[in-house]
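Worksheet: one structure, shown below.
To find a chain, count down the sequence lines: A is the first, B the second, and so on, and within it residues start at 1.
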Amino acid sequence: MAASPVFGHVGTAQPGDLFASRLELSLRGQHRPRRAGVGATAALGAESIVLAEQYEDDAYHDDHFWYAGSGGRDPKTGRQVTDQAPNDYRNQGLMRSERTGQPVRVFRRIAPGGDRQFRYEGLWQVVAHTYGPGKSGFQVFRFKLKPWQ
DNA sequence: TCCATGCGCGGCC
DNA sequence: GGCCGCGCAGTGG
């Protein structure tokens, strides 16, 4: 059975905290998947995501950002090579979070290869999403996040 | 360059 | 509910 998501801050973590690696994020329960960018269940929603500039359809702004959905990438090139799947539990989880308004922990890769690679960006919420052609022309999700409350 | 590993899900009993 | 196996991934050794 999938573990229940934990929404909100974990432990004493606060925005600006730095973490060494995905493994550390996982062991500390901040972002449990070791590789996937979205920690979620379809039924309950997304508890955490990682921004790592791996998806071409991301778009970052000052007070909000668009986070590309999961899947459809060529693992070698990083380009979208197929449509993203609406029934993927990670995409479903993000859509669920949009409905519930639960906070999503956001981590950002700030220093690839460094010893403090990931920064906690605090709690955000999914406020909208689109599903349509991305830069590649394939169908991709884009989730809009803004600071939580 | 290669591939392990952990997660959620679905099928089955 | 519990067990098992599958598929996949915003890593990383």
Side-chain angles (χ1 to χ4, degrees), chain A residues 1-8 10-11 13 15-61 64-100 102-136 138-146 148:
Chain A
M1 192 206 307
S4 287
V6 175
F7 297 104
V10 170
D17 284 0
L18 302 178
F19 298 87
S21 65
R22 289 292 304 267
L23 184 58
E24 183 185 358
L25 287 173
S26 181
L27 291 174
R28 292 181 182 278
Q30 301 290 341
H31 179 77
R32 297 183 302 154
R34 290 180 59 167
R35 297 177 57 183
V38 180
T41 67
L44 298 176
E47 59 173 1
S48 56
I49 62 174
V50 172
L51 284 61
E53 301 188 8
Q54 295 291 304
Y55 280 70
E56 62 193 16
D57 293 305
D58 281 357
Y60 305 132
H61 300 91
H64 71 280
F65 64 91
W66 290 87
Y67 186 79
S70 183
R73 293 171 71 236
D74 179 323
K76 278 188 64 176
T77 67
R79 303 265 308 171
Q80 296 297 139
V81 291
T82 64
D83 292 345
Q84 292 186 342
N87 63 344
D88 180 299
Y89 73 88
R90 301 173 186 87
N91 296 327
Q92 295 253 325
L94 285 164
M95 286 188 278
R96 178 68 185 162
S97 290
E98 180 183 346
R99 295 185 56 195
T100 65
Q102 292 268 44
V104 180
R105 292 185 297 281
V106 173
F107 298 89
R108 187 167 191 163
R109 189 172 215 178
I110 56 167
D115 64 344
R116 304 267 83 189
Q117 297 194 86
F118 296 92
R119 173 191 165 92
Y120 185 32
E121 301 291 344
L123 302 178
W124 295 66
Q125 69 178 306
V126 182
V127 295
H129 79 272
T130 65
Y131 184 64
K135 290 183 177 177
S136 65
F138 292 102
Q139 299 293 109
V140 299
F141 285 96
R142 290 184 180 93
F143 296 93
K144 183 181 182 181
L145 284 89
K146 70 175 191 182
W148 188 63

(Q) Glu24(A) and side chain to side chain donor-acceptor pair (under 3.5 Å): which single residue from Gln117(A), Gln30(A), His31(A), Arg116(A) fits? (A) Arg116(A)
Touch check for [X], heavy atoms < 4.0 angstrom, all strands: base, sugar-phosphate only, or nothing?
X: Asp88(A); answer: nothing
X: Ala68(A); answer: base
X: Gly71(A); answer: sugar-phosphate
X: Phe65(A); answer: nothing
X: Ala52(A); answer: base

Q: State whether the distance check finds a donor on one side and an acceptor on the other, under 3.5 Å, for side chain Arg22(A) versus base dT11(C).
A: no
**Q.** Passing candidate, ring-ring contact (aromatic ring centres under 6.0 Å, His included) with Trp124(A), options Trp148(A), Phe143(A), Trp66(A), Phe65(A)
**A.** Phe65(A)
Q: Without swapping roles, check the side chain of Arg105(A) against the backbone of Gly8(A) for a donor-acceptor pair under 3.5 Å.
A: yes
Q) Considering all heavy atoms of both residues, which atom of Tyr120(A) and which atom of Leu123(A) are nearest to each other, and what is their separation? A) OH-CD2, 3.4 Å
Distance in angstrom units between [X] [atom1] and [N] [atom2], rounded:
X: Phe141(A); N: dG10(C); atom1: CZ; atom2: C1'; answer: 17 Å
X: Gln92(A); N: dC8(C); atom1: CD; atom2: C1'; answer: 16 Å
X: Leu44(A); N: dC7(B); atom1: CG; atom2: C1'; answer: 15 Å
X: Arg32(A); N: dA9(C); atom1: CZ; atom2: C1'; answer: 15 Å

Whether [X] contacts [N] is assessed here as follows: a side-chain N or O lying under 4.0 Å from the phosphate OP1 or OP2. Is that the case?
X: Tyr55(A); N: dG10(C); result: yes
X: Arg90(A); N: dC7(B); result: no
X: Arg34(A); N: dG6(B); result: yes
X: Gln117(A); N: dG12(C); result: yes
X: Arg73(A); N: dC8(C); result: no

Rounded to the nearest 0.5 Å, what separates atom [atom1] in [X] from atom [atom2] in [Y]?
X: Phe107(A); Y: Ile49(A); atom1: CZ; atom2: CD1; result: 10.0 Å
X: Phe138(A); Y: Arg73(A); atom1: CZ; atom2: CZ; result: 14.0 Å
X: Gln102(A); Y: Gln125(A); atom1: CD; atom2: CD; result: 10.5 Å

Q. Out of dC7(B), dA4(B), dG10(C), which has the shortest distance to the side chain of Arg35(A)?
A. dA4(B)
Q.
Just to be sure I follow the notation: if a pair is Watson-Crick (purine N1 to pyrimidine N3 plus N6-O4 or O6-N4) or a G-U wobble (N1-O2 and O6-N3), each under 3.5 Å, what dot-bracket string does DNA chain B give, with | for pairs to another strand?
A. .||||||||||||
**Q.** Carboxylate-amine/guanidinium proximity below 4.0 Å for Asp74(A) and Lys76(A)
**A.** no
**Q.** Stacking of Phe107(A) on dG10(C) base (centres under 5.5 Å, planes under 30°)
**A.** no
Q: Please tell me which of Gly72(A) and Ser21(A) maps to the more 5' nucleotide of DNA chain C, matching each residue to the nucleotide holding its nearest heavy atom.
A: Gly72(A)
